[in-house]
There are 2 protein chains.
Amino acid sequence: MAHTHAPTELLCFTVHAADQAFAQVYRHALSEMGVTYPQFLVLGLLWQCDDRTVGELGQMLRLQSNTLTPLLKRLEAMGLLSRRRDPQDERTVRIRLTDAGRALADKAPDVMSCVSRAIGMTAEEQDTLTTLLRRLQDSLRASTTPAA
Amino acid sequence: MAHTHAPTELLCFTVHAADQAFAQVYRHALSEMGVTYPQFLVLGLLWQCDDRTVGELGQMLRLQSNTLTPLLKRLEAMGLLSRRRDPQDERTVRIRLTDAGRALADKAPDVMSCVSRAIGMTAEEQDTLTTLLRRLQDSLRASTTPAA
DNA sequence: AGCGATTAAATCGCGAGCGATATAAATATC
DNA sequence: GATATTTATATCGCTCGCGATTTAATCGCT
């Protein structure tokens, strides 16, 4: 039973642990804003380019409606965005920021600088890491999507 | 509003996406075994060293009893392990593999080689990645735990 | 010995993510 | 133009993870 590696030594575990650590940092940084880390990512996309469909958001975040719909409903309940079916194509739902949602963008820079400080790595190191992680992700996804 | 980076360009997002991709790979690889990715990690620790307390497992996996207890109960319900309070210290609960739990270790190598293939990176690249991720994790955790 | 403080698990309520399924609208086919 | 197919969201039930709280056992101090 040559288990040379403890599970905690595996690459998958270090990735997972780093992800959890990020979540923790964001939890603190976002507590004042009153949104969660995934919610903040959605808002970030909308700040860049408002009026998107659920599917467009999902494609960028790699989330489907089963995850996004409840999340968007929570943001809607907070009064940060509106969900309205597109009259041109009633299948799709268009997501638009409210004034309150747009106003929240002002607090984003503080959050980002707080996270930047927490990362504590040089730009080169971050780039190396990002590049490797994207390669890893592509490889992993290719293996689960044999559909050429 | 200088949002130079879309949220999906952020390091935190690439980490999260890689984590999700790993989860997907494990979901497929473990479907035959009938356990989830976090459950597999727990079993991996027990295969290495049986008879641990909930707290010991949690410390290694960075999980607390609020996450571990239900997970362990599910593994217990599957007949893979037993949970028994330690007579020496009735506060702690000792986790022991059953014969079925030990037997499952035979299938682990296949899972690991499947994941290894999916990673599709050289050993050096994996080491670089692991090292950087651990540095990242340490830095992130240090920032949320000001308690010196 | 007795009593407060600490420690270990468990419990509760929540958000996130996914597989599977359902529903409704648009498109394709005949 | 009616019907089958595809597409976009939504819904359901589950596991995981966390913050907060609870319960019970041990430890420490006098």
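Note that the structure is a prediction, hence the values are computed from the model and not measured. Just so you know, these numbers use all the heavy atoms, side chains as well, and skip hydrogens, waters and symmetry mates. Letters A, B, ... mirror the listed sequences (proteins, then strands); counts begin at 1.
Atom-to-atom distance recorded for Glu32(B):CD and Lys107(B):NZ is 4.5 Å, nearest 0.5 angstrom. With values rounded to the nearest 0.5 angstrom, Leu75(B) atom CG is found 11.5 Å from Ser82(B) atom OG. Between the CG atom in Leu104(B) and the CG atom in Leu97(B) there is a gap of 9.5 Å [rounded to 0.5 Å].
Relative orientation of the Tyr37(B) and Tyr26(B) rings is parallel, given thresholds of 30° and 60° on the angle between their planes.
When rounded to the nearest whole Å, the span between CD of Gln59(B) and P of dT7(C) equals 13 Å.
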Next on the checklist: Does the protein touch nucleotides 8-13 of chain C at the base, only the backbone, or not at all? Give it as B, S and - per nucleotide, heavy atoms under 4.0 Å.
Outcome noted: SBBBB-
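Gly79(A) and Thr98(A) make their closest contact through O-OG1, 2.6 Å (heavy atoms, listed as atom of the first residue, atom of the second, distance). Closest non-hydrogen pair, Val25(B) versus Ser143(A), comes out as CG2-OG, 3.7 Å. Taking each heavy atom of Leu81(B) and Arg83(B) in turn, the nearest pair found is CD1-CG, 4.0 Å. Across Ser65(B) and Pro70(B), no two heavy atoms sit closer than the pair O-CD, 3.8 Å. Of all the heavy atoms in Leu71(B) and Pro38(B), the pair that sits closest is CD1-CB, 3.8 Å.
Nearer the 5' end of DNA chain D, as judged by each residue's closest nucleotide, is the contact made by Leu71(B), out of His28(A) and Leu71(B). For Glu90(A) and Gln64(A), each mapped to the nucleotide of DNA chain C holding its nearest heavy atom, the one lying further toward the 5' end belongs to Gln64(A).
When DNA chain D is scanned in the 5' to 3' direction for atoms under 4.0 Å from non-hydrogen atoms of chain A, the outermost contacting nucleotides are dT7(D) to dG19(D).
Note on residues 33-53 of chain B: pairs passing salt bridge (charged side-chain N to carboxylate O under 4.0 Å, His left out), not counting sequence neighbours, are Asp50(B)-Arg102(B), Asp51(B)-Arg94(B), Asp51(B)-Arg96(B).
When side chains are defined from C-beta on, Met112(A) counts as touching Leu10(B), because their heavy atoms get closer than 4.5 Å.
A heavy atom closer than 4.0 Å to some atom of DNA chain C occurs in Thr36(A), Pro38(A), Gln39(A), these being the qualifying members of residues 29-42 of chain A.
Summary of helix geometry: the two end axes of the helix from dA1(C)-dT30(D) to dC30(C)-dG1(D), each defined by five base pairs via their C1' atoms, are inclined to each other by 10° (rounded to 10°).
Legend: residues meeting side chain to side chain contact (heavy atoms under 4.5 Å, CB included) with Arg85(B), ordered by chain and number and at least two apart, are Glu90(B), Val93(B).
Residue His16(B) places at least one side-chain N or O under 4.0 Å from the OP1 or OP2 atom of dG17(C).
Applying the 6.0 Å contact sphere to CZ of Arg84(A) captures no more than 12 heavy atoms from other residues, nucleotides or ligands.
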